[in-house]
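In what follows, a single structure is set out as structure tokens and then discussed.
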Amino acid sequence: MSAARYEAVIGLEVHVQLKTRSKMFCGCATSFGAEPNTNVCPVCLGYPGTMPVMNREAIRLTVLSGLMLGCRINPRSKFDRKSYFYPDMPKNYQITQYDQPLCLGGGVEIEGASGLATVPLTRIHLEEDVAKNMHFATCSGVDFNRAGSPLMEIVSEPAMHTPEQAVAYLQGLKQTLMYAGVSDCNLEEGNMRCDVNVSLRPVGATALGTKAELKNLNSFKSVLLALRAEIGRQEQLLREGGRVVQETRRWDVEAGATFLMRTKEDAHDYRYFPEPDLMPVVLSEQQIAEWARGLPETPRQRRARFASEYSLPEYDARVLAADKAVGDYFEAAARGSKAPKIVSNWVMTEMLRRLGETGQEIAAVQITPAALAELVELTEAGAINSNTARELFGELFANGGSPRALVEARGLAQVSDSGALQALVDQAIRENAKSAEDFRGGKAVALKFLTGQVMRLSRGKANPQLAAQLLEERLKK
Amino acid sequence: MLTAHELQDRLVRGDCSSVEIVQELLAAIQEVDGTIRGYLSVDAEAALAQARAADAARATGRGGPLLGIPVAIKDVLNVAGQPCGCASKMLRGYVAPYDATAVAALRAAGAVLLGRTNMDEFAMGSTTENSAFQVTRNPWSLEHVPGGSSGGSAAVVAAGEAVAALGSDTGGSIRQPAGFCGCVGLKPSYGRVSRYGLTAFASSLDQIGPMTRDVRDAARLLGVMAGHDPHDSTSLPAPVEDYEAGLPVSGGLRGMRLGMPREYFGGGLDTEVEAAVSAAVEECRRQGAEVVEISLPHTRYAIATYYIVACAEASANLSRFDGVRYGHRTAVAGDATELYLRSRAEGFGAEVKRRILLGTYVLSSGYHDAYYLRAQKVRTLIRRDFDAAFERCAAIVCPVAPTAAYRLGATGGDPLKMYLGDVFTVTANLAGLCGLALPCGFTAAGLPVGLQFLGPALGEARVLRAGRAYEQATAWHTRRAPHAAGMARTEAGGK
Ligand SMILES: [Zn+2]
């Protein structure tokens, strides 16, 4: 048994499906969920004589991602053929980028225990997706709808050391790609897929240990748990004097452990060579500059902007900017509002809570940003009290509509007319003589109780500040 | 045996109909193809229907250089609704779902697609003996091969079973069979004709081109097929010249400087071929050409370079034939790997397997740099040889092949011997040049000898001018093969 302490070294390869309308090398639609083998043509089925034609939009989206992640854009990149036989590969070679990818370097900002850090990227390249194998009772089939869809591969440096960092990296990457608008980045739906490489080395060592590659990680949680399990496995192996073998392992959620898929001996010789059917991709400085000018805001830029433009605390800005759609929603509601901080409060609390409960996407909620702004306006003007506002939010969240119209239709307007309240104040004092005495005797807390009584009598519509003021005036007489 | 342009003139004058031309060819096929075996399939009904449509179009005032002219298609090109088998068992039963761009261009010009011609399996070979289905014979001597891989196309043109045909040329597969069969074959510059729909052998070398009875027809077919194709990213955007209009009426060689590569006229060149080609060069001089000696110093590496590059690309291109989606699938297979192994073992012939193995080897890790990468470097050197040569001359004149047609079976046991026969043709593919082959004489045994004009990329107009001028000054292209259709009959009526 060795007593050495080990450090994990983690690198990620993330595949992201790009949101183009057509496939990478043919005109077929990229829409998903269609009947098997309906979005196919001779090109993406690998028929004899067909040739690939570059989808420029896929190039643009990859360059956009690279620019958002601070990569250097290769002025000249090329495509290569990667050969291996598998039924999900129509040509039995994949068109990918080997030694001249579109983007080099760059990094993903993550928030760790010791503050913000950047995980460096090795490269980003573009390739075509494969088909989907389907297995039935007596046979197997292949659905080629996905075959040839544009797929962007983002390779990190082996620069992470904990499973939590790996998850933070994925979240940061997803956040930026969502901001770039290049992909839906949904791990569960497979439009973001990740392979993890992990090795161990004694603390203090600089050379990398032998790595294992983990597959079948289709949620952030799987990444976290699989890494924990694999690091544990390797550590135990090393402590017992064993050796880690380079291999690919499959994460099994049920078993909570990784299992051997194949060893290095079974590894393919991909026989890369330049794709002779495609010209190199040459990007002029002007072209890259033009794309850079149209670059969307990065999460970091938005955080800073939210803080200054809407006078939000750092915390609010970070929560709202974490998800692009949430930030977009906030901004749409706050833009015309006199009280952006109140809008922020609503989004951060009620909205996020209800989204969490219902599993809805913010882009699809019934309550429009304009309705939320109106709700805030009504509260701020004292037209409704906060209880009513919360109730209304629930109503609007479920069914939509205009807050002002609802307030009018249901007579929910706060009673701020002192004449109308006076009768209720008198009634409350009359019915609670003991409390009135207590207050007069110096027990300030009794006023709260009496105000509550006024609220009850008004069925919640009374302006509580005004009710308290009137009570006080009356009792001090 | 009339050319396409002669037939077109007759069609325009109303001397004959497209249906009559097709019927005549069907009769010729009936007469000689049992012996020549140049066609793998002929769809007579479809051809007649297209001919009727062409005649009807003409009746409504439509015209065009190929309207109603039958063209035979090499079995490597996709024609919608027709089998496209590449003369391989691997693609038995495969019916093309689309037209190759070049085929679509012929169709749009009103050409009649006559039938599919035999070839070396997947265009791999120089004799057409590698066809999985039949042996095609040379119409000049039935004991000899027609060349390859477009041997079927060359043979049917030479035998009077087609007016013109399409071939494909990866290392000489249009020019060498044209030379062996005494017809005209043009390999366009890389990218001049779209490759979309040409079943790929070696993507950086392949080109589609015409095989015809004279140079003017080659110019005519090229004009119809050339141009940029959005489906082929490697097709060139350069505007298409009017090749036919650019042909000389006379004196096309006057003042043209022709280069004779020293390395092409050394040892290994058959003496009869050398004599015929030398006489042809002399004729060019008489026609006013200036002939200079040039050097292509890297010629001796050309064959090795070609076979490494071509096989490497082929090994990937032919990976798609796996029995999963189309073509031959083995009867029994337990799993995917077995399905691949059995289907491919049963479907591919020996030469195809040899080249896939070679290509896989030169790309595999540990050998990639020594073979594939080095071959790419030599390819650049070969290209530079030609760049330098074309500084000194407008076109290069040389033999098509070191010998006339081989005897049937002569190269069977020795693939290397067959590979060496490609020495004068592979360089044009490696360097992306254009090359024109045309007849320039005969051996004592009566076999045709081919002359080759090579031009720089996009130099088609130039080599066609040179070829047309030579052809006008000589009569080799008007000779009839002894086993051509109608040779047993008298040649009444000029056909
Ligand atoms: Zn497609």
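All chains are named by letter (A, B, ...) in the order of the sequence lines, taking the proteins before the strands, and each is independently numbered beginning at 1.
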For residues 357-371 of chain B, please give each side-chain donor-acceptor pair under 3.5 Å, one per line with the distance, not counting sequence neighbours.
unit_1 : atom_1 : unit_2 : atom_2 : d
B:T360 : OG1    : B:I356 : O      : 2.7
B:S364 : OG     : B:Y361 : O      : 2.7
B:H368 : NE2    : A:Y272 : O      : 3.3

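- For a residue to count as touching a neighbouring chain, one of its non-hydrogen atoms must lie under 4.5 Å from one of that chain's; by this rule B:A312 touches chain A with the backbone only.
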>> With side chain to side chain contact (heavy atoms under 4.5 Å, CB included) as the criterion, how do B:N317 and A:R81 come out once you've worked through the C-alpha distance, each side chain's angles and the decisive distance to 0.1 Å?
In response: CA-CA 10 Å; B:N317 280 328; A:R81 292 184 181 178; 2.9 Å; yes

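- Considering only heavy atoms from C-beta on, A:M51 stays 4.5 Å or farther from B:H231 through its side chain.
- Side-chain contact between B:R325 and A:V142 is absent, with no heavy atoms from C-beta onward closer than 4.5 Å.
- Ranked by heavy-atom pairs under 4.5 Å with chain B, the list A:V53, A:V43, A:L278 is led by A:V53.
- Between atom CE of residue A:M89 and atom OG of residue B:S319 there is a gap of 8.5 Å, rounded to the nearest 0.5 Å.
- Within the structure, ring-ring contact (aromatic ring centres under 6.0 Å, His included) contacts touching residues 122-152 of chain A (residues at least two apart or in different chains) do not occur.
- Scanning residues 96-103 of chain B against chain A with a 4.5 Å non-hydrogen threshold yields B:P97, B:Y98, sorted by number.
- In terms of heavy-atom pairs under 4.5 angstrom with chain B, the leader among A:Y47, A:Y270, A:Y93 is A:Y47.
- At a heavy-atom separation below 4.5 angstrom, chain A is approached by no residue within residues 375-383 of chain B.
- The shortest side-chain heavy-atom distance between A:N92 and B:Y340 falls under the 4.5 Å cut-off.
- Here the side chains of A:T50 and B:R320 are in contact, with some heavy-atom distance below 4.5 Å.
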